[in-house]
S.K.: 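If you scroll down you'll find the structure; I have some questions about it.
Only heavy atoms go into these numbers, but all of them, side chains included; no hydrogens, no water, no symmetry mates. Order of appearance sets the numbers: ligands from 1, and atoms from 1 within every ligand.
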Amino acid sequence: MVAEFTLEEVQKHNTPEDAWVIVDGTIYDVTKFAKMHPGGRQTLLDYAGQDATEDFFALHRHEVLAKYTRLVKGHVVGFKHGLASATEEKKRFSAVPYAEPSHLQGMNSPYFKESHIALRKSLREWWTENMYENAMACEADGSAPDANLRLKAGEMGIHAMGQGPGEHLKYAKHGLMGGVVTAEEFDYFHELVVQEERVRLMCPGWEDGMDAANTIGVPVVIKYGPAWMKDEVIPPVFRGEQIVCLAISEAFAGSDVAALRTTAHLDASGQNYIVNGTKKWITGGMYADYFVTAVRTGGAGAGGISMLMIKRDETVQTKVIKSKYSSAAGTAFVTFEGTVVPKRNLFGNENKGFQIIMSNFNHERWMICVSCILRARMCTEETFKWSMQRKVFGKALAEQPVIREKLAQMFSGIEMCTAMLYEVTHQMNVLGPQSAEIGGRIALLKYSTTRMCHLVADNGVQIMGGRGVSQGGMGRVVEAFHRCYKIPSVYGGSEEIMADLAVRQAIKAYPQQARL
Ligand code: HEM
């Protein structure tokens, strides 16, 4: 039973030797804590014996309260709390306008059925309960995500669902989120939900380190791997025991994939390839057991490229690349020195790897868009909340027309990209993700998404002010988004390449007879 005190009783604890403060109806004894208070001892003691709710929320995220439950003395008699605990709040669908897509805020959608919403609900609860603490800790210090959590995610079928619909879901032995959705009904909107809920903690480095490598590496195994490889590699990956990364870019070749230099030549027996070369910016490469690697087996250009499955051994070295986001991502520089790879590890035919790389890109780019739009939505929600609660010149920021215009740009940006994303996802359900017809549309989606993220991140920081550029505290989400939003505009095909690809495809499909 929690103790209850009247306001008059609290007011008596108003000295440095005996200081209580009220926040949202809960009474905190801050006598000992005051000297450790990051905002200063006197700042806190100035509120001894008083209700500090309004000023507290102007300066702290409400998560702070969850960390300091040890200071709780009791509650104010008859007070109705305005806030759920920070953890409970994270599990719920937000009622803040535009913080969720419209179908989660009472509007109709032709795309989402009950199973999509039930899946989202269970994933949101699961990630919050299991992953939040590890994500926050690793994101801050750059350490590897807890491998046990990857196993736990495996038990829920999360790694399998991250590969979208298909036969491979049979490898998820314990079902999908304990049976919330069946393999038969699982479609690309279910996968969209999985990819969105995966990145809601706004710990981009940790999120990539936890599962992004598999999400882009395993599709090649599913689509082009021989039967033995599927049976050997997919089950441990889906259980969360092993990681497959995608190793394409090099210091010598980024968007110009055809320029890559890593070589693979058959040895004298004709049974093994010998691989030599380097790969750069390989997501999750630090943790990978397998590298789905683009190699040069033939002459110059796109026609000389093959794809090989390379198992890590002592001839494969990985070194962490420090980038804008946390090293928890495990982004690696990879070196192959005389690595022996059995010929049966070849995907498809020799010198036909370029087509595999290109067809794999559709799904990867779509997935990048899903996570970017979701993060932009979170940045917008945070900025909107701040605009409503932060008072400057005697009124809330949102009362300033200039701020409202920036918010309008953010709302419309995320809604436009979401609408485009849903249209593309619907086409993926109908035509399949690899279909050439939607390649141009996915490229346009990626181009629009990363441009929109630029606008949202910029407006978010302008509105959050100093907090938008300080790590941790009130601006945590906006700062993390602003620090990392640029990365996806480079990987998976740069903005310029996306724009060019989309227009070239449109030109290709242009009817010869069309005239003004
Ligand atoms: C239960 C009571 C309180 C606790 C547990 C607490 C805890 C904290 C913590 C952990 C921080 C670090 C920044 C963050 O994580 O957000 C902080 C910062 C701060 N706190 Fe408190 N605080 C309390 C009450 C207050 C009150 C009543 C005030 C006065 C209005 C206050 C003023 C500040 C200020 C000015 C900062 C620095 C904010 C910044 O750098 O932007 N705190 N507090």
Side-chain angles (χ1 to χ4, degrees), residues 2-5 7 9-76 79 81-90 128 132-141 201-203 206 326 378-379 381-383 385-392 394 396-397 460-483:
V2 185
E4 292 205 324
F5 300 88
L7 274 178
E9 281 172 301
V10 176
Q11 279 158 9
K12 289 181 199 152
H13 301 268
N14 62 358
T15 64
E17 295 74 34
D18 177 20
W20 291 7
V21 295
I22 302 169
V23 179
D24 192 41
T26 301
I27 302 158
Y28 297 85
D29 181 345
V30 295
T31 317
K32 287 189 188 140
F33 171 69
K35 59 175 184 300
M36 294 172 284
H37 178 231
R41 177 175 175 270
Q42 197 53 47
T43 329
L44 185 51
L45 291 179
D46 285 348
Y47 287 79
Q50 299 173 42
D51 189 330
T53 306
E54 194 175 335
D55 289 343
F56 178 89
F57 287 117
L59 294 156
H60 313 74
R61 300 182 69 81
H62 72 292
E63 284 101 303
V64 166
L65 295 175
K67 276 204 267 174
Y68 290 93
T69 47
R70 65 178 191 276
L71 306 180
V72 172
K73 197 77 195 164
H75 294 292
V76 178
F79 185 87
H81 296 283
L83 284 174
S85 80
T87 314
E88 286 310 308
E89 189 67 27
K90 280 196 182 62
T128 310
Y132 182 66
E133 274 179 34
N134 184 246
M136 293 293 284
C138 298
E139 189 72 7
D141 67 15
L201 304 175
M202 197 55 103
C203 294
W206 179 91
S326 168
M378 290 182 66
C379 174
E381 177 186 14
E382 296 270 322
T383 309
K385 283 179 171 167
W386 178 250
S387 314
M388 295 296 284
Q389 73 187 61
R390 168 76 168 143
K391 303 240 168 37
V392 270
L397 272 175
V461 167
Q462 287 308 115
I463 294 176
M464 288 296 291
R467 287 170 178 84
V469 289
S470 313
Q471 293 197 13
M474 297 291 273
R476 181 188 91 75
V477 169
V478 174
E479 187 280 331
F481 182 66
H482 187 264
R483 182 160 34 89

S.K.: Do Phe33 and Tyr68 make the cut of ring centroids closer than 6.0 angstrom?
M.R.: yes

S.K.: To the nearest 0.1 Å, how far is atom 3 (C) of ligand 1 from its closest protein heavy atom, and which atom is that?
M.R.: Phe56 CE1, 3.7 Å

S.K.: Does the protein place a non-hydrogen atom closer than 4.0 angstrom to atom 20 (N) of ligand 1?
M.R.: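 For atom 20 (N) of ligand 1 the answer is yes, since some protein heavy atom falls inside 4.0 Å.
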
S.K.: State whether the shortest distance between N or O atoms of Tyr28 and N or O atoms of ligand 1 falls below 3.5 angstrom.
M.R.: no

S.K.: If you measure from the Lys or Arg side-chain nitrogens to the Asp or Glu carboxylate oxygens, is any gap between Glu382 and Arg476 under 4.0 Å?
M.R.: no

S.K.: What pair of heavy atoms forms the shortest contact from Pro16 to Arg41, and how long is it?
M.R.: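 For Pro16 versus Arg41, the nearest heavy atoms are CB-NH2, 3.8 Å.
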
S.K.: Less than 4.5 Å apart, any side-chain heavy atom of Tyr132 and any of Met136?
M.R.: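 Yes. Closest side-chain heavy atoms under 4.5 Å.
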
S.K.: If you have a sec, work out which protein heavy atom is nearest atom 15 (O) of ligand 1 and how many Å separate them, to one decimal?
M.R.: Val64 CG2, 3.7 Å

S.K.: Which atoms form the tightest heavy-atom contact between Arg467 and Trp386, and what is the distance?
M.R.: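 Nearest heavy atoms, Arg467 then Trp386: CD-CH2, 3.6 Å.
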
S.K.: What protein heavy atom is closest to atom 27 (C) of ligand 1, reported as residue, atom name and distance in Å?
M.R.: Ala52 CB, 3.5 Å

S.K.: Please identify which atoms of ligand 1 are closer than 4.0 Å to at least one heavy atom of Leu59.
M.R.: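 The list of qualifying atoms is 30 (C), 32 (C), 35 (C).
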
S.K.: Would you mind running through ligand 1 and noting each atom that sits below 4.0 Å from a heavy atom of Tyr68?
M.R.: 5 (C), 10 (C)

S.K.: Going by the atom numbers of ligand 1, which of them fall below 4.0 Å from some non-hydrogen atom of Asp55?
M.R.: 30 (C)

S.K.: Are the side chains of Val72 and Tyr28 in touch, meaning some heavy atoms are under 4.5 Å apart?
M.R.: yes

S.K.: His60 to ligand 1: N or O pair under 3.5 Å?
M.R.: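 Yes, since at least one N or O of His60 sits under 3.5 Å from an N or O of ligand 1.
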
S.K.: Which residue and atom name correspond to the protein heavy atom nearest atom 32 (C) of ligand 1, and how close is it?
M.R.: His37 CE1, 3.4 Å

S.K.: Near Gly473, which atoms of ligand 1 are under 4.0 Å from a heavy atom of that residue?
M.R.: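 Near Gly473, meaning under 4.0 Å from one of its heavy atoms, ligand 1 has 16 (O).
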
S.K.: Does some non-hydrogen atom of the protein lie less than 4.0 angstrom from atom 23 (C) of ligand 1?
M.R.: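 Protein heavy atoms within 4.0 Å of atom 23 (C) of ligand 1 - there is at least one.
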
S.K.: Can you report which non-hydrogen protein atom sits closest to atom 37 (C) of ligand 1, along with the distance?
M.R.: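 The closest one turns out to be Gly39 CA, 3.8 Å.
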
S.K.: Tell me the protein heavy atom at minimum distance from atom 11 (C) of ligand 1, and give that distance in Å.
M.R.: Pro38 CG, 3.4 Å

S.K.: To check you understand the geometry: which heavy-atom pair defines the closest contact between Ala19 and Asp29, and what is its length?
M.R.: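 So the two residues come closest at O-OD1, 3.3 Å.
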
S.K.: Does Glu9 pair with Lys73 as a salt bridge, N-O distance under 4.0 Å?
M.R.: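 Answer for the salt bridge query: no.
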
S.K.: Using a 4.5 Å cut-off on heavy atoms from C-beta on, say whether the side chain of Asp51 contacts that of Val10.
M.R.: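 Not in contact.
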
S.K.: Are the side chains of Phe56 and Asp24 in touch, meaning some heavy atoms are under 4.5 Å apart?
M.R.: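 Phe56 vs Asp24: side chains apart.
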
S.K.: Answer yes or no: is there a side-chain heavy-atom contact under 4.5 Å between Phe481 and Val461?
M.R.: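 Of all side-chain heavy-atom pairs linking Val461 with Phe481, none is under 4.5 Å.
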
S.K.: So, does Arg467 sit close enough to ligand 1 that a heavy atom of it is under 4.0 Å from the ligand?
M.R.: yes

S.K.: Considering only the protein, which heavy-atom contact is closest to atom 4 (C) of ligand 1, and what is its distance?
M.R.: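 Nearest protein contact, heavy atoms only, for atom 4 (C) of ligand 1 is Phe33 CE2, 3.6 Å.
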
S.K.: For atom 26 (C) of ligand 1, what's the nearest protein heavy atom and its distance?
M.R.: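 Checked against all protein heavy atoms, atom 26 (C) of ligand 1 sits closest to Leu44 CD1, 3.7 Å.
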
